[in-house]
Number of protein chains: 2
Amino acid sequence: MESKFLFAQEVIREAGAFIKDRMSQALIIEEKSDETDLVTSLDKQCQELMIQAIKKAYPEDHFLAEENDVTHPIAEGNVWVLDPIDGTVNFIAQRDHFAIMIAYYENGVGQFGLILDVMQDILYHGGGQFDVYANTTKLEHYHHRDFKRCLVGVNAQMYLENTAGIRDFTSLALGIRVYGGAGISMTQVISGKLLAYFSNIAPWDYAAASIMGEKLGYCLLTIEGEKPDFLTRQQVMFVPTEELSFIQKLVN
Amino acid sequence: MESKFLFAQEVIREAGAFIKDRMSQALIIEEKSDETDLVTSLDKQCQELMIQAIKKAYPEDHFLAEENDVTHPIAEGNVWVLDPIDGTVNFIAQRDHFAIMIAYYENGVGQFGLILDVMQDILYHGGGQFDVYANTTKLEHYHHRDFKRCLVGVNAQMYLENTAGIRDFTSLALGIRVYGGAGISMTQVISGKLLAYFSNIAPWDYAAASIMGEKLGYCLLTIEGEKPDFLTRQQVMFVPTEELSFIQKLVN
């Protein structure tokens with residue numbers, strides 16, 4: 001597993017370099033489900049680059065990925081979950097604050113996750129049998145904090161609509177932040193800069209963070225408190241496990 | 001003016017090092033006007049450090065600063081506007097995403113502004129007779145963009161309450177972001193990563209960005225379209241000047 005983990009770090013770094021080299025070019029932007037659900041030509045090329053590299057090294061492995069309907073079931077065999085550009089809106093509008101994500105599962109059990117904050121050049125990596133690092137800094141396990149001194153990351157729409165009482169919950173905290181991009185937002189949770197994160201996201205958006213988070217005392221659940229389905233877009237929460245029962249009194 | 005500008009860059013870099021050296025210590029946190037309006041012992045020490053350094057070099061100059069009621073009128077003589085830690089909430093909850101800001105005025109006319117993003121180690125500086133840089137990268141003048149491909153920075157409360165129609169305006173854009181901290185948010189405007197920023201802030205929060213912004217085609221006005229008063233906390237907008245008349249049709 002260690003060599004596979006090191007290989008994944010190489011793949012994601014190469015994908016990061018690929019995006020950085022090409023991001024100043026004019027992008028071809030397409031709308032997917034609606035006018036804020038966007039994909040660029042680079043998303044697709046970057047995903048293909050990662051798939052080809054992994055297939056070459058591990059020809060028996062399978063993929064679940066954001067673009068082009070690559071949808072192997074998470075519970076069957078060795079599955080790489082890939083998000084070539086997470087935070088595509090940020091990528092398009094800012095050329096910043098986006099991530100590449102890789103998660104690796106064996107028969108439904110997360111083995112490691114990686115999130116590369118491309119422009120800040122920070123690789124969050126670990127989970128499973130591996131400690132979690134931001135580059136060379138080992139991340140700390142969650143320890144209880146006063147919510148009044150914490151910030152909470154949210155999806156703007158869910159905050160606005162007070163979905164499942166999320167806004168009521170955040171009123172116990174010091175404030176909310178909206179960063180856009182699940183990957184970047186969840187790196188802020190595992191590095192202790194956000195207490196929790198609430199959003200409406202897909203498997204490739206939450207897989208890597210959920211594996212790293214589990215190692216550090218966080219859990220990724222649907223708003224109803226169930227395991228996510230690894231199939232559809234769902235409203236989820238990424239919260240400290242030891243605060244879960246308290247949070248569920250307010251969010252449900 | 002050039003030597004004063006270089007001197008200001010030294011002062012803000014020293015203040016940044018001062019904060020970084022001490023930020024891992026336990027902080028003494030006080031509430032000011034309410035439970036989210038916080039100040040730490042470091043805010044006050046850092047302000048004093050800057051004032052003493054500037055007084056030594058320019059004993060005749062005056063100050064308008066966030067802490068300790070330092071309130072010289074902006075229009076009278078040489079005035080340094082100081083914010084020792086902008087984004088104190090981020091500083092407390094994240095030890096990240098905060099800024100130190102300096103603006104320098106002569107008889108009410110902005111000469112230069114500086115915003116140091118302490119943890120990313122990026123110094124935004126310029127305005128008046130000076131071009132605006134992020135460290136060594138010259139920032140570009142605003143050029144018209146399709147709002148549908150842009151993000152808007154907002155204060156969460158004003159967004160929630162649709163103050164002055166802000167939320168209606170942001171619905172024309174790709175989305176909103178809530179970063180917390182006027183300084184950090186406005187650096188994202190002048191570097192082209194946010195189209196505009198709306199918040200409820202004080203003179204030391206907007207002075208530096210407004211001087212740099214003016215050089216790059218942005219204006220800092222109250223929501224009503226007036227010059228801010230440099231005295232009180234006001235609802236303001238930081239927007240591209242060439243889009244102002246369009247924005248004012250929606251925000252007022």
Side-chain angles (χ1 to χ4, degrees), chain A residues 26-27 29 31 34-38 40 87-98 117 119-122 134 145-157 159-162 166-167 170-181 184-185 187-189 191-196, chain B residues 26-27 29 31 34-38 40 87-98 117 119-122 134 145-157 159-162 166-167 170-181 184-185 187-189 191-196:
Chain A
L27 297 174
I29 300 168
E31 291 176 10
D34 66 55
E35 62 186 16
T36 63
D37 185 18
L38 303 171
T40 76
T88 303
V89 162
N90 285 350
F91 179 68
I92 290 169
Q94 307 190 307
R95 298 290 195 279
D96 200 354
H97 309 131
F98 61 92
D117 179 336
M119 300 312 291
Q120 269 61 248
D121 198 26
I122 302 176
R145 282 178 287 160
D146 180 357
F147 288 12
K148 283 226 167 306
R149 293 284 181 263
C150 295
L151 293 164
V152 176
V154 294
N155 166 294
Q157 197 63 31
Y159 176 73
L160 193 59
E161 294 172 0
N162 195 19
I166 285 169
R167 197 171 68 231
T170 64
S171 69
L172 302 182
L174 196 44
I176 60 128
R177 295 293 175 260
V178 180
Y179 294 132
I184 293 294
S185 299
T187 64
Q188 302 300 292
V189 176
S191 54
K193 294 175 186 178
L194 294 176
L195 173 71
Chain B
L27 296 174
I29 300 169
E31 292 177 9
D34 66 54
E35 63 185 16
T36 62
D37 185 16
L38 303 172
T40 75
T88 302
V89 161
N90 286 351
F91 178 67
I92 290 170
Q94 307 190 308
R95 298 290 194 280
D96 200 353
H97 309 131
F98 61 91
D117 178 336
M119 299 311 292
Q120 269 61 248
D121 198 25
I122 302 176
R145 282 177 288 161
D146 180 358
F147 288 11
K148 282 223 168 310
R149 293 283 182 261
C150 295
L151 293 163
V152 176
V154 294
N155 166 294
Q157 197 61 31
Y159 176 73
L160 194 59
E161 294 172 0
N162 196 18
I166 285 169
R167 197 170 71 230
T170 63
S171 69
L172 301 181
L174 196 43
I176 60 127
R177 294 292 175 260
V178 179
Y179 295 131
I184 294 294
S185 300
T187 64
Q188 302 300 292
V189 176
S191 52
K193 295 176 185 178
L194 294 176
L195 173 71

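Convention: sequence-line order gives letters A, B, ...; per-chain numbering from 1. All values below were derived from every heavy atom in this structure, side-chain atoms included, with hydrogens, water molecules and symmetry-related copies excluded.
No donor-acceptor distance shorter than 3.5 angstrom exists from the side chain of A/R177 to the backbone of B/V178, with no hydrogens or angles considered.
When A/H97, A/R95, A/Q157 are compared by the number of non-hydrogen pairs under 4.5 Å with chain B, A/H97 comes out ahead. Among the candidates A/I29, A/L160, A/D96, the residue making the largest number of heavy-atom pairs closer than 4.5 Å to chain B is A/L160.
For B/L174, the side-chain contact (heavy atoms from CB on, under 4.5 Å) criterion is met by A/T36, A/L38, A/V89, A/A93, B/L151, not counting sequence neighbours. Residues meeting the side-chain contact (heavy atoms from CB on, under 4.5 Å) test with A/T170, sequence neighbours left out: A/V152, A/V154, A/Y159, A/I166, A/R167, A/I176.
Between A/Y179 and B/Y179, the ring planes lie parallel to each other; the angle is under 30°, not in the 30° to 60° tilted range.
In plain terms, the two heavy atoms of B/Q94 and A/K193 that are nearest each other are NE2-O, 2.9 Å.
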